[in-house]
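One structure is given here, and the rest of the page talks about it.
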Amino acid sequence: MLFWKLRKIFAFITSIVVFLSGGIASVPKDVTRDSYEGLKDVYADYFDIGSCITSAYTDNEELVDFYLKNFSSVTPEWELKMESIHPSEDVWNFSGMDKLADFCRENNLKLRGHTLVWPQQKNWMLYDEDGNFVDKEVFYARQYEYFKTVMTRYGDVIKVWDVVNEPFGYDLQTGAFKDSEIIKLCGSEYIERAFLNAKKVSDEYNLDATLVLNECSLAKNIVKQGYVLKWLKKWNDKGIPIDAIGIQGHGHAVSENETPDRLDAFLYALEAIGMKNIQITEIDLSLYFDKADTSQVEIQDWMRDWQTLKYKNLFKVLRKHKDTITSVSFWGPDDGHSWLTRNGVDDEPLLFDRNLLPKESYYAVCDF
Ligand code: GLA
């Protein structure tokens, strides 16, 4: 099978790279939950370190101790997405988000506003009661009311908002933007109007919010990198208030398509067009190839080595850009709390294992 041939080649290359780099990092045999330095403290002179969690996570004292040791920022995994908090005109579900906001207030953690507009989610604001599209100005007016409600409710603790999440497409043959219901009604103008609406709320209520465009695949897809740079320049010339770019950072340990070098080049390009605030918003590195059938692949040590090396090089790049990168967040605090390990899938995408202990990748990232 092709996979096993590739596997052997990767294993071979990894061992040479590991050998040449003098080893990557090792976990002390007697490591305990107290015997290592919290990640956020190691990176105190660089950027905030965060992760996504849900409000249920905060009920568990063990998890909370681990979290507070390692992270200084929180991203709500689901509870601030419109499908959760405001799934229809008359329904508001504030309880999860209120709890997460209180947790951050009590523990002096930053909280990222993820996310106001995510085109792939269902959005009742686009339709009338018969299921037909409303006039787009009606949509923008509803959106303003929605932004006003959530941005003011959490405005004391959320200073950074992912205003639009993943607007750019995957199929770049068909155009720069992802097809969606919202683009059918409004065209790509919806992105500009979302930022203008968010800015209006921020100004009217003195929220001083940082407005972010959050996007995926920017460490691998150079066509997408090009589109993003082109549009950021265009929006900047038009005065659209985009304060920061969020680079998600979901990746694969053994993929050669997404590399720290490619990300490095993109970060320089962003800085060259004047982007002063860059946030890395959703890092994880799956051990598997992109689209691998995980039930057919057994995790091997060489995959972990490859991941460790990639994390090491990735953080080397991020440290280099510390003047523009303001926060680095993972998509999950530990391997037991990751979207990649749900539904029985075995994966180890993060820096901490299921026992909340630091892995080799933690030591690789902290050794500089
Ligand atoms: C995207 C979204 C996140 C999360 C992840 C994985 O990256 O931005 O909010 O949903 O997918 O589920």
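In each ligand, atom 1 is the first atom listed, and ligand 1 is the first ligand listed. In this chain, numbering begins with 1 at the start of the sequence shown.
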Practice problem: Flag the pair W235 / W231 as yes when their ring centroid distance falls below 6.0 Å, and as no otherwise. | Solution: yes
Practice problem: Go through ligand 1 atom by atom and flag the ones less than 4.0 Å from a non-hydrogen atom of H114. | Solution: 3 (C), 8 (O), 9 (O)
Exercise. Take K99 and D59 through the test salt bridge (charged side-chain N to carboxylate O under 4.0 Å, His left out) and record every step on the way to the result.
Key: CA-CA 10 Å; K99 186 167 161 181; D59 291 333; 2.8 Å; yes
Quiz item: Under 3.5 Å, is there a donor-acceptor pair linking the side chains of S26 and E360?
Solution: no
Quiz prompt | Audit row: E348, R304, salt bridge (charged side-chain N to carboxylate O under 4.0 Å, His left out) steps and yes/no | solution = CA-CA 8 Å; E348 300 169 11; R304 297 189 177 102; 2.7 Å; yes
Quiz item: Looking only at N/O atoms, are N214 and ligand 1 under 3.5 Å apart anywhere?
Solution: no
Quiz item: Got a sec, which residues hit side-chain hydrogen bond (donor to acceptor under 3.5 Å, both in side chains) with N60, two or more places apart in sequence or on another chain?
Solution: none
Exercise. Enumerate the atoms of ligand 1 whose separation from the nearest heavy atom of N165 is less than 4.0 angstrom.
Key: 2 (C), 8 (O)
Quiz item: Any N/O of K81 closer than 3.5 Å to an N/O of ligand 1?
Solution: yes
Exercise. Could you tell me the residue and atom name of the protein heavy atom closest to atom 12 (O) of ligand 1, and the distance to it rounded to 0.1 Å?
Key: W339 CE3, 3.5 Å
Quiz item: For atom 7 (O) of ligand 1, what's the nearest protein heavy atom and its distance?
Solution: E282 OE1, 2.4 Å
Quiz item: Nearest heavy atom to atom 5 (C) of ligand 1: which of W78, W331, W118 does it belong to?
Solution: W331
Self-check item: Ligand-side contact atoms (ligand 1) for residue partner H250, heavy atom cut-off under 4.0 Å
Solution: 5 (C), 7 (O)
Quiz item: Can you name the residues that form a ring pair (Phe, Tyr, Trp, His ring centres under 6.0 Å) with F66, not counting sequence neighbours?
Solution: F352
Quiz item: For ligand 1, which atoms sit closer than 4.0 Å to a heavy atom of E166?
Solution: 1 (C), 7 (O)
Quiz item: Under 3.5 Å, N or O to N or O, is Q248 touching ligand 1 that way?
Solution: yes
Quiz item: Taking all non-hydrogen atoms of both residues, which atom of R262 and which atom of K220 are closest, and how far apart?
Solution: NH1-O, 2.8 Å
